[in-house]
There are 2 protein chains.
Amino acid sequence: MTQARVTQDQQGRKQALAPCLEPCPIERGMRIIGGKWKGSILWHLKEGPVRFNDLARILGGASKKMVNQRLKEMEEQGLVRRQVLSDRPIAVAYEITEFGRSSLAVLEQLKSWAEAHGI
Amino acid sequence: MTQARVTQDQQGRKQALAPCLEPCPIERGMRIIGGKWKGSILWHLKEGPVRFNDLARILGGASKKMVNQRLKEMEEQGLVRRQVLSDRPIAVAYEITEFGRSSLAVLEQLKSWAEAHGI
DNA sequence: TCAACCAGTATACTTTTAGTAACCACGCAA
DNA sequence: TTGCGTGGTTACTAAAAGTATACTGGTTGA
């Protein structure tokens with residue numbers, strides 16, 4: 001992001017130079033990992049694949065609809081992979097991708113920051 | 001956060017141990033710096049205090065109402081300080097606090113992560 | 001046979017967030 | 001006196017996010 005400044009023209013009217021139009025990297029990044037539950041989902045997948053209903057149970061407060069919606073979003077964004085373990089007795093697990101794993105560092109820092117400041 | 005697990009009782013019913021009830025540090029932290037525009041506001045205050053209308057101009061897409069709402073929230077959360085520069089011709093500037101500054105590290109990392117992955 | 005599990009889907013609803021546009025009272029300068 | 005500046009407020013709308021409950025269609029185990 002370029003440092004934005006504010007200038008004045010000859011008539012004294014003000015305008016912004018390099019205004020932060022909506023999608024600066026921070027806003028964009030937030031939209032990837034900032035959604036409700038997304039951090040928690042990634043966090044709980046870091047030890048290995050987790051089945052759908054187990055995830056819903058772990059995320060106590062979230063409804064299945066929420067979990068499903070978030071997982072679909074995250075699959076599209078490449079944070080998470082859906083693997084069908086078996087048909088007949090249907091079984092599905094969600095696994096974190098390399099990309100998803102790369103975001104854990106940010107989440108980890110956010111977590112320490114939050115804990116350090118008693119948030 | 002304790003690692004959550006899922007167990008079964010003698011009847012085969014499943015339940016989550018240590019479920020991630022809503023406010024784990026990650027979710028809580030997100031709520032502090034995750035709101036729309038909040039990252040950008042902090043970012044633009046890091047070089048020094050900025051006047052209200054200048055901030056609104058820099059944040060091109062955001063309306064005064066949005067900016068004002070966010071600033072009030074952030075003032076309550078202690079991320080930002082409102083200083084009245086002068087009465088009579090009213091002038092106000094917003095300054096980042098030490099607490100606000102402490103969050104810049106997280107934002108910085110989020111920014112590099114976003115840029116590194118072409119988000 | 002019954003109940004509980006699996007992985008969702010459907011419907012309906014409420015709440016929160018985002019956003020527009022217009023307006024206020026005041027000051028300053030041409 | 002008109003227009004722009006200051007720092008907001010008010011009223012309203014639209015869209016997103018979230019909750020709650022029930023349902024499908026099949027499987028598994030007591």
Side-chain angles (χ1 to χ4, degrees), chain A residues 6-16 21-23 27 30-31 33-41 49-75 80-95, chain B residues 6-16 20-23 27 30-41 49-75 80-95:
Chain A
V6 174
T7 44
Q8 272 176 282
D9 66 10
Q10 314 88 306
Q11 275 87 49
R13 265 169 304 206
K14 293 195 177 183
Q15 57 178 321
L21 300 166
E22 228 186 284
E27 296 294 335
M30 272 300 178
R31 249 161 265 178
I33 53 172
K36 207 173 176 183
W37 301 111
K38 284 167 101 174
S40 306
I41 290 176
V50 179
R51 305 269 304 258
F52 176 81
N53 276 328
D54 287 348
L55 206 49
R57 253 188 297 269
I58 290 168
L59 269 42
S63 65
K64 284 176 163 198
K65 183 192 160 201
M66 269 305 312
V67 176
N68 193 41
Q69 221 171 63
R70 283 289 102 94
L71 283 171
K72 269 185 187 160
E73 246 177 82
M74 294 170 77
E75 204 192 345
V80 141
R81 203 173 3 252
R82 179 181 187 267
Q83 37 182 198
V84 178
L85 301 178
S86 80
D87 209 15
R88 220 50 88 253
I90 180 145
V92 174
Y94 290 87
E95 195 186 8
Chain B
V6 174
T7 44
Q8 273 177 282
D9 67 9
Q10 314 87 305
Q11 275 86 51
R13 263 168 305 203
K14 292 196 176 182
Q15 58 179 320
C20 184
L21 299 166
E22 229 186 283
E27 296 294 334
M30 273 301 178
R31 250 161 263 177
I32 305 291
I33 53 171
K36 208 174 175 183
W37 300 111
K38 284 168 99 174
S40 305
I41 291 176
V50 179
R51 306 266 306 255
F52 175 81
N53 276 327
D54 287 348
L55 206 48
R57 257 187 294 270
I58 290 168
L59 269 43
S63 67
K64 285 175 162 199
K65 182 197 157 198
M66 270 303 315
V67 176
N68 194 40
Q69 222 171 63
R70 282 291 100 93
L71 283 171
K72 269 185 186 160
E73 246 177 82
M74 293 169 77
E75 204 192 346
V80 142
R81 202 173 5 251
R82 177 179 187 271
Q83 36 182 198
V84 178
L85 301 179
S86 81
D87 209 14
R88 221 45 92 254
I90 180 143
V92 174
Y94 289 88
E95 196 186 7

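This one's a predicted model, so the numbers in the text were calculated from it and none came from an experiment. The figures here come from the full heavy-atom set of this structure, side chains too, leaving out hydrogens, waters and symmetry mates. Below, chains carry the letters A, B, ... as their sequence lines are ordered, and counting in each starts from 1.
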What is the distance, to the nearest angstrom, from the [atom1] atom on [X] to the [atom2] atom on [N]?
{"X": "B:Trp37", "N": "C:dA18", "atom1": "CH2", "atom2": "P", "answer": "10 Å"}
{"X": "A:Lys65", "N": "C:dG8", "atom1": "NZ", "atom2": "P", "answer": "16 Å"}
{"X": "A:Asn68", "N": "D:dT24", "atom1": "CG", "atom2": "P", "answer": "18 Å"}
{"X": "A:Gln83", "N": "C:dG8", "atom1": "CD", "atom2": "C1'", "answer": "17 Å"}
{"X": "B:Lys72", "N": "D:dG8", "atom1": "NZ", "atom2": "P", "answer": "8 Å"}
{"X": "B:Lys64", "N": "D:dT6", "atom1": "NZ", "atom2": "P", "answer": "7 Å"}
{"X": "B:Arg88", "N": "C:dC26", "atom1": "CZ", "atom2": "C1'", "answer": "10 Å"}
{"X": "A:Asp87", "N": "C:dA7", "atom1": "CG", "atom2": "P", "answer": "12 Å"}

Does [X] place a side-chain N or O at less than 4.0 Å from the phosphate oxygens OP1/OP2 of [N]?
{"X": "A:Arg51", "N": "C:dA7", "answer": "yes"}
{"X": "B:Arg82", "N": "D:dG8", "answer": "yes"}
{"X": "B:Arg57", "N": "D:dT6", "answer": "yes"}

**Request:** Go through A:Val92 and A:Arg51 one step at a time and tell me if the side chain to side chain contact (heavy atoms under 4.5 Å, CB included) criterion holds.
**Result:** CA-CA 6 Å; A:Val92 174; A:Arg51 305 269 304 258; 5.8 Å; no
**Request:** Decide, yes or no, whether a salt bridge links A:Arg81 with A:Glu95 under the criterion of side-chain N to carboxylate O below 4.0 Å.
**Result:**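 Salt bridge between A:Arg81 and A:Glu95, a charged N being under 4.0 Å from a carboxylate O: yes.
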**Asked** How do B:Asn53 and A:Gly35 order along DNA chain D: which one's closest nucleotide is nearer the 5' end?
**Response**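 Nearest nucleotide further toward 5': that of B:Asn53.
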Nucleotide of [options] approaching [X] most closely (side-chain heavy atoms):
{"X": "A:Val92", "options": "D:dG8, C:dC28, C:dA7", "value": "C:dA7"}
{"X": "B:Pro89", "options": "C:dA7, D:dT6, C:dG27", "value": "C:dG27"}
{"X": "B:Met66", "options": "C:dA18, D:dG7, D:dG18", "value": "C:dA18"}

**Request:** With side chain to side chain contact (heavy atoms under 4.5 Å, CB included) as the test, would you mind laying out the steps for B:Glu73 and B:Lys38 before giving the verdict?
**Result:** CA-CA 9 Å; B:Glu73 246 177 82; B:Lys38 284 168 99 174; 3.3 Å; yes
**Item:** Pair B:Asn53-B:Lys64, side chain to side chain contact (heavy atoms under 4.5 Å, CB included): steps then yes or no
**Value:** CA-CA 8 Å; B:Asn53 276 327; B:Lys64 285 175 162 199; 3.3 Å; yes
**Prompt:** Are the side chains of A:Tyr94 and A:Val80 in touch, meaning some heavy atoms are under 4.5 Å apart?
**Reply:**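 Yes, their side chains come closer than 4.5 Å.
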